[in-house]
*Asks:* 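Supplied in structure tokens, the structure appears directly below.
Start at 1 with the first residue, then count along the sequence.
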Amino acid sequence: MNMVRRSSAEFLGTFWLVFGGCGSAVLAAAFPQVGIGLLGVSFAFGLTVLTMAYSIGHISGCHLNPAVTVGLWAGGRFPAKDILPYVLAQLVGAFAAALVLYVIATGKADYSLAVNGLAANGYEAHSPGQYNVISALMIELVLTFFFVLVILGSTDRRAPAGFAPLAIGMALTLIHLISIPVTNTSVNPARSTGPALVVGGWALQQLWLFWIAPLAGGLVGGLAYRALAEDMPAKPAITGEAKSST
């Protein structure tokens, strides 16, 4: 599968993740009487990954996340030369989704970007639960570590066939159930960057954390899974139809 098609799949998949997940938080979470709340937002993020994994997993591997791409490289399942085009596609997809969501949100007369936000990630005063920077760093690192571990394990050809999207989608749902109160949940630098570019100000100032912690967690998660499985038979690449030589 050529890189243009694979990158296009990553763009569309990341757009869907940010639009569906952040859109549920911005448009539906607090809707009077029938809002979906934190539980609904958590499932929305999980469902975006679940549906895209079945839709584009065979094209690009359905990373939708720079931390996942780096983690898969660290786990020996993705070639280094493909990291940059994947990450760029993910960032553009996230930003495009944030822009579209902003246009829709402003269609409500009393919507204010400063007051209502765009589901941007934050800590301290911008954490839903007012958690400090150490708590934010720790939870983002730990949850991304386990997310990558789940991805590598469930997509291993020795795992039960056909169930990987379910495991990955439910893992992302669980991650959001745990961490929305702490950081609004990132575990994904692209998901954080898209809304931050639209919100600006504090969201951009705090964006560093939502790159450093998820990338570190993804890297360690990939290395950990590789160590666990290193004496087992070789695993296929998670790059759609393309196979890694590494």
*Asks:* Side-chain heavy atoms under 4.5 angstrom apart, residues restricted to Ile, Leu, Val, Met, Phe, Trp, Tyr: same cluster for Phe163 and Leu149?
*Replies:* no

*Asks:* Should Thr69 and Gln90 be marked as a side chain to side chain donor-acceptor pair (under 3.5 Å) after you check the CA-CA gap, both sets of side-chain angles, and the distance that decides it?
*Replies:* CA-CA 10 Å; Thr69 298; Gln90 292 156 4; 3.1 Å; yes

*Asks:* Tell me whether Ile134 shares a hydrophobic cluster with Leu209, the cluster being built from Ile, Leu, Val, Met, Phe, Trp, Tyr side chains joined at under 4.5 Å.
*Replies:*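 Ile134 and Leu209: one cluster.
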
*Asks:* Specify the closest pair of heavy atoms between Ile151 and Thr155, including all atoms of both residues, with the distance to one decimal.
*Replies:*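 Closest pair (atom of Ile151, atom of Thr155, distance): O-OG1, 2.5 Å.
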
*Asks:* Do Glu124 and Val133 touch side chain to side chain, with heavy atoms closer than 4.5 Å?
*Replies:*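 The answer is yes, as the side chains (C-beta and beyond) meet within the 4.5 Å cut-off.
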
*Asks:* Carefully, step by step, assess Lys108 and Asn116 under the rule side chain to side chain contact (heavy atoms under 4.5 Å, CB included).
*Replies:* CA-CA 11 Å; Lys108 191 171 185 287; Asn116 303 107; over 6 Å; no

*Asks:* Just wondering, do Val182 and Tyr123 contact through their side chains at under 4.5 Å, heavy atoms?
*Replies:* no

*Asks:* Given side chain to side chain contact (heavy atoms under 4.5 Å, CB included), test Met170 with Phe43 step by step and report yes or no.
*Replies:* CA-CA 8 Å; Met170 293 308 293; Phe43 271 104; 4.2 Å; yes

*Asks:* Going by ring-ring contact (aromatic ring centres under 6.0 Å, His included), name the residues that satisfy it together with Phe19, two or more places apart in sequence or in a different chain.
*Replies:*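 Listed in chain order: Phe15.
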
*Asks:* Quick one: CH2 on Trp16 to CG on Leu47, what's the gap to the nearest 0.5 Å?
*Replies:*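 It comes to 9.5 Å.
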
*Asks:* Less than 4.5 Å apart, any side-chain heavy atom of Pro214 and any of Asn188?
*Replies:*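 A side-chain contact is absent here, since even the closest heavy-atom pair is not under 4.5 Å.
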
*Asks:* Could you tell me whether the side chain of Met52 reaches within less than 4.5 Å of the side chain of Leu17, counting heavy atoms only?
*Replies:*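 Leu17 does not reach Met52 side chain to side chain.
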
*Asks:* Show the nearest heavy-atom pair for residues Ala159 and Gly153, with the distance to one decimal.
*Replies:*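 Between these two residues, the closest heavy atoms are CB-O, 3.4 Å.
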
*Asks:* Return the set of residues passing ring-ring contact (aromatic ring centres under 6.0 Å, His included) with Phe45 (not counting sequence neighbours), or none when no residue passes.
*Replies:* His176

*Asks:* Looking only at heavy atoms, what is the nearest atom pair of Pro165 and Gly162, with distance?
*Replies:* CD-O, 4.0 Å

*Asks:* Rounded to the nearest 0.5 Å, how far does OG of Ser7 lie from CD1 of Ile59?
*Replies:* 12.0 Å

*Asks:* Is it the case that the side chain of Ser42 and the backbone of Ile175 share a donor-acceptor pair, with hydrogens and angles ignored and the cut-off at 3.5 Å?
*Replies:* no

*Asks:* Compare all side-chain heavy atoms of Leu64 with those of Ile56 and state whether any distance is below 4.5 angstrom.
*Replies:*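 Yes, their side chains come closer than 4.5 Å.
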
*Asks:* Could you measure the distance from the CD atom of Glu10 to the CG atom of Asn65? Nearest 0.5 Å is fine.
*Replies:* 9.5 Å

*Asks:* If I take atom CD1 from residue Ile168 and atom CG from residue Leu50, how far apart are they, to the nearest 0.5 angstrom?
*Replies:* 9.5 Å

*Asks:* Take atom OH of Tyr111 as the centre, draw a 6.0 Å sphere, and report whether it contains more than 12 heavy atoms from other residues, nucleotides or ligands.
*Replies:*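 Enclosed.
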
*Asks:* Of the non-hydrogen atoms in Val26 and Leu101, which two are nearest, and what is the gap between them?
*Replies:*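 Closest pair (atom of Val26, atom of Leu101, distance): CG2-CD2, 4.0 Å.
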
*Asks:* Can Cys22 and Leu118 be said to form a side chain to side chain contact (heavy atoms under 4.5 Å, CB included), step by step?
*Replies:* CA-CA 7 Å; Cys22 294; Leu118 207 64; over 6 Å; no

*Asks:* Which class fits the ring pair His63 and Tyr86: parallel under 30°, tilted 30 to 60°, perpendicular over 60°?
*Replies:* tilted

*Asks:* For the residue pair Leu174 and Ile178, establish whether any side-chain heavy-atom pair is separated by less than 4.5 Å.
*Replies:* yes

*Asks:* Return yes if some donor-acceptor pair links the side-chain N/O of Thr51 with the main-chain N/O of Thr48 below 3.5 Å, else return no.
*Replies:*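 Yes: the side chain of Thr51 pairs with the backbone of Thr48.
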
*Asks:* Rounded to the nearest 0.5 Å, what's the gap from CG on Leu38 to CG on Leu177? Could you check?
*Replies:*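 Going from CG on Leu38 over to CG on Leu177, the span is 8.5 Å.
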
*Asks:* Crowded around Tyr102 OH? As in, over 12 foreign heavy atoms under 6.0 Å?
*Replies:*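 Counting other residues, nucleotides and ligands, OH of Tyr102 stays at 12 neighbours or fewer.
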
*Asks:* Could you go through residues 136-148 and list every donor-acceptor pair under 3.5 Å that involves a side-chain atom there, pairing it with any protein atom two or more places apart or in another chain?
*Replies:*
{"residue": "Glu140", "atom": "OE1", "partner": "Val187", "partner atom": "N", "Å": "2.6"}
{"residue": "Glu140", "atom": "OE2", "partner": "Thr183", "partner atom": "OG1", "Å": "2.6"}
{"residue": "Glu140", "atom": "OE2", "partner": "Ser186", "partner atom": "N", "Å": "3.0"}
{"residue": "Thr144", "atom": "OG1", "partner": "Glu140", "partner atom": "O", "Å": "2.6"}

*Asks:* Specify the closest pair of heavy atoms between Pro189 and Leu215, including all atoms of both residues, with the distance to one decimal.
*Replies:*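 The pair with the smallest heavy-atom distance is CG-CG, 4.3 Å.
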
*Asks:* Can you check side chain to side chain contact (heavy atoms under 4.5 Å, CB included) on Met3 and Asp82, steps first, answer last?
*Replies:* CA-CA 8 Å; Met3 183 53 69; Asp82 291 348; 3.3 Å; yes

*Asks:* Could you tell me the separation between the CD1 atom of Ile83 and the CG atom of Leu88, rounded to the nearest 0.5 Å?
*Replies:* 11.5 Å

*Asks:* Is it possible for you to say whether Trp211 and Val220 belong to one hydrophobic cluster, with membership spreading through side-chain heavy-atom contacts below 4.5 Å?
*Replies:* yes

*Asks:* Determine, using the 4.5 Å side-chain heavy-atom cutoff (strictly less than), whether Leu72 and Leu91 are members of one ILVMFWY cluster.
*Replies:* yes

*Asks:* On a heavy-atom basis, which atom in Ser179 and which in Thr185 lie closest, and how many Å separate them?
*Replies:*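 In terms of heavy atoms, the two residues are closest at OG-OG1, 2.8 Å.
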
*Asks:* Should Val199 and Leu204 be regarded as members of a common hydrophobic cluster, given that ILVMFWY residues are connected when their side-chain heavy atoms come within less than 4.5 Å of each other, either directly or indirectly?
*Replies:*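 They do share one cluster, since a chain of ILVMFWY contacts under 4.5 Å joins Val199 to Leu204.
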
